[in-house]
Amino acid sequence: MLRLEPEVVLPYLTVQGGSSLSATVEYLTGHLRRAQQVEGRPDEDPRPVAELMVRVAVSFLLNPSSCIEMEDAEQARAFARRYLAPLLDA
């Protein structure tokens, strides 16, 4: 949709993106909380980590040009394991 109708989608990823950001952060926060419980991690608020992850993802959506190779799912997983997963231990 971003390619087909950028004038419709862009505001919701930028200046009018508060509600979609909040909803996505809440969704990811729930998943991170469940992962904490399953893995026996300390019961810390995962919301800041979820927000950082969502903001990184939106950044890649808005500007996919990068030196980071994420042409396929495995490369995206490798990126997440190396750079995003350590945020869970922060």
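Any value given below was found using the heavy atoms of this structure, including those in side chains, with hydrogens, waters and symmetry copies removed. Just so it is clear, the model here is predicted, and its values are computed rather than measured.
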Solution key, residues 7-18 side-chain donor-acceptor pairs under 3.5 Å, sequence neighbours excluded:
{"residue": "Thr14", "atom": "OG1", "partner": "Leu10", "partner atom": "O", "Å": "2.8"}

Item to check | Single-linkage hydrophobic cluster, 4.5 Å side-chain cutoff, Leu21 and Leu52 together | outcome: yes
Next on the checklist: Take a 6.0 Å sphere around CG of Asp72 and say whether it holds more than 12 heavy atoms from other residues, nucleotides or ligands.
Outcome noted: yes
Next on the checklist: With a 6.0 Å cut-off (strictly less than), is the heavy-atom count around CZ of Phe60, excluding the residue itself, greater than 12?
Outcome noted: yes
Checklist entry - Any side chain to side chain donor-acceptor pair (under 3.5 Å) pairs touching residues 53-64, not counting sequence neighbours? => result Glu51-Arg55
Which atom pairs, one a donor and one an acceptor, fall under 3.5 Å between side chains of residues 81-90 and the rest of the protein, sequence neighbours left out?
{"residue": "Arg81", "atom": "NH2", "partner": "Glu74", "partner atom": "OE2", "Å": "2.9"}
{"residue": "Asp89", "atom": "OD1", "partner": "Arg41", "partner atom": "NH1", "Å": "2.6"}

Next on the checklist: Per the salt bridge (charged side-chain N to carboxylate O under 4.0 Å, His left out) rule, what does the pair list look like for residues 57-68, sequence neighbours excluded?
Outcome noted: none
Checklist outcome for this item: With sequence neighbours left out, the residues meeting side chain to side chain contact (heavy atoms under 4.5 Å, CB included) with Thr29 are Val25, Arg33, Pro46, Arg47, Ala50
Next on the checklist: Nearest 0.5 Å, please: how far is CE in Met1 from CG in Leu61?
Outcome noted: 12.5 Å
Next on the checklist: I need the full list of salt bridge (charged side-chain N to carboxylate O under 4.0 Å, His left out) pairs touching residues 57-71, with sequence neighbours left out, sorted by first then second residue.
Outcome noted: none
